[in-house]
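The structure displayed is predicted, hence computed values, not measured ones. All heavy atoms count here, side chains included; hydrogens, waters and symmetry mates do not.
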Amino acid sequence: MEVIDVPAPAPAAGHVLITTEAIGVAGVDVVIRRGALAAYGFAEGHVPGGEVAGTVTAVGDGVDASWIGRRVWAFTGVGGGYAEQATAPVEEVLPLPEDLSAVDAVTLGSSGVVAHFALAHARFAPGESVLVRGAAGSIGITAVQLAARGGAGAVAVTTSSAERGERLRALGATHVLDRLGDGDGPAGYDVAIDVVAGPGMPAFLERLDPNGRMVVVGVVGGQPPADFGTTLMASFRKSLSFATFSAGTVAGPARRAVRTAQFAAATRGELRTVVHEVLPLEHAVAAHRKMDAGEVFGRIVLVP
């Protein structure tokens, strides 16, 4: 990664131009930069970043000019966000509540929607036990809060240290486990939300109770073993379910409604955002190194 100068972008039809105030550093940015998703067309020259907040300074054809001057959160797609100016489709732009900072917006905007719909995808119901694997990132932190607020009978988390565990308890976790899932937790789980995947994923399938459901929302630990399905088949009589989840499969109006509600909840203090560090945009390399080293609790935010 390197910092370069490029011409200022112009918004295409149906898009807006945003002067950024804050840029979220997401796990998927790191996975793309590592080259793990090269098969999807990511190559040298890609500008990372899918989540920004700032002020609309121009609009493309077909966009209401009243957007100009408004503070917004925006999803820029699979890239383009690590910049002083970024464009986004107007349907992926949301006005910011007056009391919500740009930094908090990019900490919650994408991760909150993923956490919400992942729990829905798992058919989570009050009273059920939930395991959040890889709970120290922004998706995991939000999933812990939503499960606790949703009446979970237990909310277990995997994390790398006792200190992080205590911070997660303050957010609603009831049981803290190590990265292997060992510790004083329930014997099994109704729902597992997995941000990590990687070679250790099959062992967590084995921790599901009968009719248990695992939903994988990220691969920050790499791809799971190619034969992980044998673990499911070995537990055939438990009627386990495995699914992946991408927010891109949710209709835009539904994402918008949830994001609006979560932004409002954050302004009321009902949903907490956790910012690990705010760094200048030119320190994006340092941000990714911290992510690679597993140092981050919450989200790193870049500011121009």
Side-chain angles (χ1 to χ4, degrees), residues 1-3 22-52 74-83 86 88 92 106-115 117-118 121 132-143 157-160 164 179 192-202 204 214-226 228 242-250 255 274-277 279 281 283-302:
M1 293 176 67
E2 61 180 338
V3 180
I23 302 152
V25 178
V28 68
D29 301 342
V30 175
V31 173
I32 290 171
R33 190 260 307 152
R34 290 173 182 164
L37 301 180
Y40 293 89
F42 297 105
E44 186 174 349
H46 174 75
V47 177
E51 182 172 15
V52 304
F75 176 62
T76 62
V78 295
Y82 288 17
E92 298 288 358
V106 298
T107 301
L108 179 61
S110 288
S111 62
V113 162
V114 171
F117 285 108
H121 204 59
V132 181
R133 183 173 177 234
S138 55
I139 294 174
I141 285 170
T142 310
V157 296
T158 69
T159 190
S160 60
R164 289 186 172 197
R179 285 179 170 175
I193 304 297
D194 190 347
V195 188
V196 181
M201 192 193 79
F204 288 88
M214 173 182 281
V215 176
V216 174
V217 298
V219 291
V220 295
Q223 295 292 338
F228 77 85
F242 172 86
T244 58
F245 174 74
S246 167
T249 60
V250 177
R255 295 198 308 269
V274 178
V275 179
H276 179 82
E277 191 172 6
L279 294 173
L281 175 58
H283 292 182
V285 168
H288 276 237
R289 285 179 175 155
K290 291 173 185 285
M291 294 279 283
D292 279 342
E295 298 175 5
V296 179
F297 185 88
R299 172 149 287 188
I300 293 181
V301 177
L302 303 174

Is the backbone of [Y] close enough, under 3.5 Å, to the side chain of [X] for a donor and an acceptor to pair up by distance?
X: Arg255; Y: Val250; result: yes
X: Thr76; Y: Gly49; result: yes
X: Glu51; Y: Ser110; result: yes

Test log, rule side chain to side chain contact (heavy atoms under 4.5 Å, CB included), inputs Met201 and Val196 = CA-CA 8 Å; Met201 192 193 79; Val196 181; over 6 Å; no
Could you state the interatomic distance from [atom1] ([X]) to [atom2] ([Y]), rounded to the nearest 0.5 Å?
X: Tyr40; Y: Ile32; atom1: OH; atom2: CD1; answer: 11.0 Å
X: Glu277; Y: Leu302; atom1: CD; atom2: CG; answer: 10.0 Å
X: Ile300; Y: Arg289; atom1: CD1; atom2: CZ; answer: 12.5 Å
X: Phe242; Y: Met214; atom1: CZ; atom2: CE; answer: 7.0 Å
X: Ile193; Y: Thr142; atom1: CD1; atom2: OG1; answer: 12.0 Å
X: Thr158; Y: Asp194; atom1: OG1; atom2: CG; answer: 8.0 Å

Minimum heavy-atom separation for [X] and [Y], please, with both atom names.
X: Lys290; Y: Leu279; result: CE-CD1, 4.4 Å
X: Ala247; Y: Val113; result: CB-CG1, 4.1 Å
X: Met1; Y: Ala284; result: CE-CB, 3.9 Å
X: Ala88; Y: Ala74; result: CB-CB, 3.8 Å
X: Ile23; Y: Val52; result: CG1-CG1, 4.2 Å
X: Ala197; Y: Pro224; result: CB-CD, 4.2 Å

request  = Check the pair Val217, Ile139 against side chain to side chain contact (heavy atoms under 4.5 Å, CB included), reporting the backbone distance first and the verdict last.
outcome  = CA-CA 9 Å; Val217 298; Ile139 294 174; 4.1 Å; yes
ask   = Which pairs pass side chain to side chain donor-acceptor pair (under 3.5 Å) with one or both residues in residues 23-32, sequence neighbours excluded?
value =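 Non-adjacent pairs meeting side chain to side chain donor-acceptor pair (under 3.5 Å): Asp29-Tyr82.
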Are the side chains of [Y] and [X] in contact, using a 4.5 Å heavy-atom criterion?
X: Val30; Y: Val220; result: no
X: Phe42; Y: Val78; result: yes
X: Val274; Y: Thr107; result: no

message = A quick test of your reading: do over 12 heavy atoms of other residues, nucleotides or ligands sit less than 6.0 Å from CZ of Arg34?
response =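 Atom CZ in Arg34 is crowded, with more than 12 foreign heavy atoms closer than 6.0 Å.
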request  = Please name all residues satisfying ring-ring contact (aromatic ring centres under 6.0 Å, His included) with Phe204, sequence neighbours left out, ordered by chain then number.
outcome  =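 Once residues adjacent in sequence are excluded, Phe204 has no partner under the ring-ring contact (aromatic ring centres under 6.0 Å, His included) criterion.
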key: Any residue meeting side chain to side chain contact (heavy atoms under 4.5 Å, CB included) with Gln223, in chain and number order, not counting sequence neighbours   =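 Side chain to side chain contact (heavy atoms under 4.5 Å, CB included) list for Gln223, sorted by chain: Val219.
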task = Go through the steps for Ser138 and Arg299 under the test side chain to side chain donor-acceptor pair (under 3.5 Å), then give the verdict.
result = CA-CA 6 Å; Ser138 55; Arg299 172 149 287 188; 3.1 Å; yes
message = side chain to side chain contact (heavy atoms under 4.5 Å, CB included) for Asp292 and Arg33? Distances and angles first, verdict last.
response = CA-CA 11 Å; Asp292 279 342; Arg33 190 260 307 152; 2.7 Å; yes
